[in-house]
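For clarity, every value in this text was computed on a predicted model and none was experimentally measured. Scope of the values below: all heavy atoms of this structure, side chains included, with no hydrogens, waters or symmetry mates.
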Amino acid sequence: MGTRIDFLKWLETDVSMDIMTCLDDPSDLVRVSSVSKFWRHFVITHGFCKQLCLRMFPQVADIADVTEQSCRMEKSVDVGCSKSTEWENLEQDHRVYASLSRALTAFKLSVCIVDAVSASSTDNYPRESIVNTVGPEVPQIGRRTLYWSSKGHRDPQVPETLIYRLRADFCVISEIDIQPFQAYFQSGFPIYSAKSVRFRMGHPKCPSDIGRDLLHLPLQQWADGKFVWTYTSQEFPMAQENRLQRFKLPEPVICMGGFLQIELLGRVQRQEMDNLFYICVSHVQVVGQSLCPAFCVDVLDSPRGKFLLKYDSEAFRCRLQQGQGQGDGSSDTAASDALDYPQVEERMQGQLEDLLELLMHGIDPGIEPPEWDDEEDHAL
């Protein structure tokens with residue numbers, strides 16, 4: 001039998017590190033760390049699992065510290081030597097970031113919006129509230145179609161913002177979908193889209209204050225100043241078309257804090273009745289991966305955007321055992337089947353009533369619809 005050589009012991013450290021950084025699968029790093037005690041020490045000491053997470057998602061750089069749910073009690077009473085404590089911290093980082101890198105590639109895609117928080121303006125509240133944009137995509141039938149409408153402006157450059165709370169305070173967002181509203185009840189069936197959109201993600205400036213606000217949603221006031229936005233996307237052009245328009249981010253983004261802002265830039269449609277420009281949205285959908293309860297974050301330093309990452313190993317194992325396998329890359333199927341939505345029954349019941357009304361009256365888009373309940377319904 002020939003002589004066996006451990007190349008890590010023979011190569012320069014820099015060369016060995018270059019080799020290790022070529023591994024881009026978290027499973028490979030875990031296997032490498034199991035080869036021998038020397039290899040395990042090498043992988044853990046140099047933090048290759050954290051480096052892999054940073055290469056996958058640069059937002060990981062905002063994590064200042066990590067903790068494990070199962071280790072909280074043990075670490076609070078640990079008074080060992082500094083070298084032992086340092087090694088335990090390195091081992092913990094290895095476990096947490098190895099699991100995080102695995103979750104980032106294994107947890108399937110789902111719909112991530114849970115609540116509508118606020119709109120920069122609303123024309124007729126609550127009939128045209130931002131709440132109407134949250135839920136499953138539904139057909140636009142009859143006069144009771146749900147949508148959000150901004151207030152009207154003479155200046156078409158005035159922007160609007162919509163803020164949503166995501167399903168978790170630690171999640172990966174890959175796509176935001178928006179459907180502009182088409183007013184079938186107005187002459188010419190105008191579509192009130194924006195010229196373009198931009199997205200921001202972040203966390204509340206004061207978690208306690210926003211916690212009280214979340215009890216009274218949607219907020220009837222400008223709320224952008226309540227948040228710190230740690231990510232801003234490029235500007236995406238929006239088509240003046242009545243369809244769900246998909247805006248894929250160049251790379252998936254980790255949202256730490258759990259809030260999304262949609263900035264609607266520029267107005268293209270003027271309402272004939274008052275000669276003002278409006279933006280209207282009928283549906284918003286966010287596609288990504290919720291990493292809770294296996295991972296969640298606490299804000300350590302709001303101005304600088306530093307976070308404490310909390311890892312629950314038992315919840316992580318449960319997620320994997322429950323078949324949270326990697327998605328097939330199709331956000332359409334993964335997103336539409338993943339979650340329940342608030343107000344689904346209310347929205348669908350209204351649509352069914354509208355459909356029955358249309359069938360009874362024999363209405364189609366080319367025939368004058370029946371009289372509206374009040375004059376206000378003619379306008380947005």
Side-chain angles (χ1 to χ4, degrees), residues 24-26 29 47-68 93-114 163-177 198-205 207 210 227-234 236 247-262 285-313 315-316 319-320 324 326-327 329 331 334-335 338-339:
D24 56 5
D25 187 324
L29 280 175
F48 289 117
C49 287
K50 182 176 182 179
Q51 291 183 39
L52 175 59
C53 288
L54 281 168
R55 293 198 301 272
M56 296 168 65
F57 295 91
Q59 297 82 26
V60 170
D62 292 331
I63 297 174
D65 199 4
V66 300
T67 183
E68 290 180 278
D93 283 358
H94 173 73
R95 289 191 299 271
V96 173
Y97 285 108
S99 299
L100 177 59
S101 59
R102 171 65 174 156
L104 293 171
T105 57
F107 289 2
K108 71 177 182 181
L109 295 175
S110 62
V111 175
C112 291
I113 281 185
V114 67
I163 297 177
Y164 296 90
R165 182 163 68 100
L166 302 179
R167 195 159 286 272
D169 63 9
F170 193 59
C171 52
V172 178
I173 303 302
S174 55
E175 177 182 309
I176 298 98
D177 307 330
R198 184 164 53 210
F199 309 109
R200 292 186 172 91
M201 302 178 205
H203 60 88
K205 287 182 178 178
I210 201 65
F227 299 92
V228 175
W229 304 115
T230 56
Y231 168 83
T232 301
S233 77
Q234 67 190 69
F236 297 87
F247 303 99
K248 275 189 170 293
L249 301 178
E251 297 290 341
V253 174
I254 290 182
C255 176
M256 287 184 279
F259 287 86
L260 167 75
Q261 181 201 73
I262 297 176
Q285 176 175 281
V286 176
V287 179
Q289 300 160 283
S290 171
L291 300 180
C292 287
F295 299 90
C296 55
V297 295
D298 286 340
V299 180
L300 294 178
D301 188 343
S302 182
R304 297 178 58 190
K306 295 299 180 181
F307 300 88
L308 169 67
L309 176 62
K310 297 186 291 186
Y311 170 56
D312 187 329
S313 58
F316 174 74
R319 284 288 297 269
L320 294 180
Q324 297 284 349
Q326 186 172 0
S331 62
L339 301 171

Below 6.0 angstrom between ring centroids: does that apply to [X] and [Y]?
X	Y	result
Phe236	Phe199	yes
Phe227	Trp229	yes
His203	Phe307	yes

Which heavy atom of [X] sits nearest to which heavy atom of [Y], and what is that distance?
X	Y	result
Gln234	Arg198	O-CG, 3.8 Å
Ser99	Tyr311	OG-OH, 2.8 Å
Leu100	Phe170	CD1-CE2, 3.7 Å
Pro204	Gly257	CD-O, 4.2 Å
Leu109	Gln289	CD2-CG, 4.0 Å
Gln261	Ile163	CG-CG1, 4.2 Å

Answer yes or no: is there a side-chain heavy-atom contact under 4.5 Å between [X] and [Y]?
X	Y	answer
Asp169	Cys292	yes
Asp93	Lys50	no
Gln59	Thr230	no
Ser313	Arg95	no
Phe259	Leu166	no
Leu249	Tyr231	yes
Cys255	Leu260	no
Val253	Val172	no

Among residues at least two apart in sequence or on other chains, which ones pass side-chain contact (heavy atoms from CB on, under 4.5 Å) with Asp298?
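Asp298 satisfies side-chain contact (heavy atoms from CB on, under 4.5 Å) with Leu308, Lys310 only.
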Just one of Thr67, Ile63, Leu309 clears the side-chain contact (heavy atoms from CB on, under 4.5 Å) bar with Val96, so which one?
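Between Val96 and the candidates, side-chain contact (heavy atoms from CB on, under 4.5 Å) is satisfied uniquely by Leu309.
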Less than 6.0 angstrom from the centroid, inside 45 degrees of the normal: does Arg319 satisfy that with respect to the ring of Phe107?
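Because its charged atom sits under 6.0 Å from the ring centre and within 45° of the axis, Arg319 does stack over Phe107.
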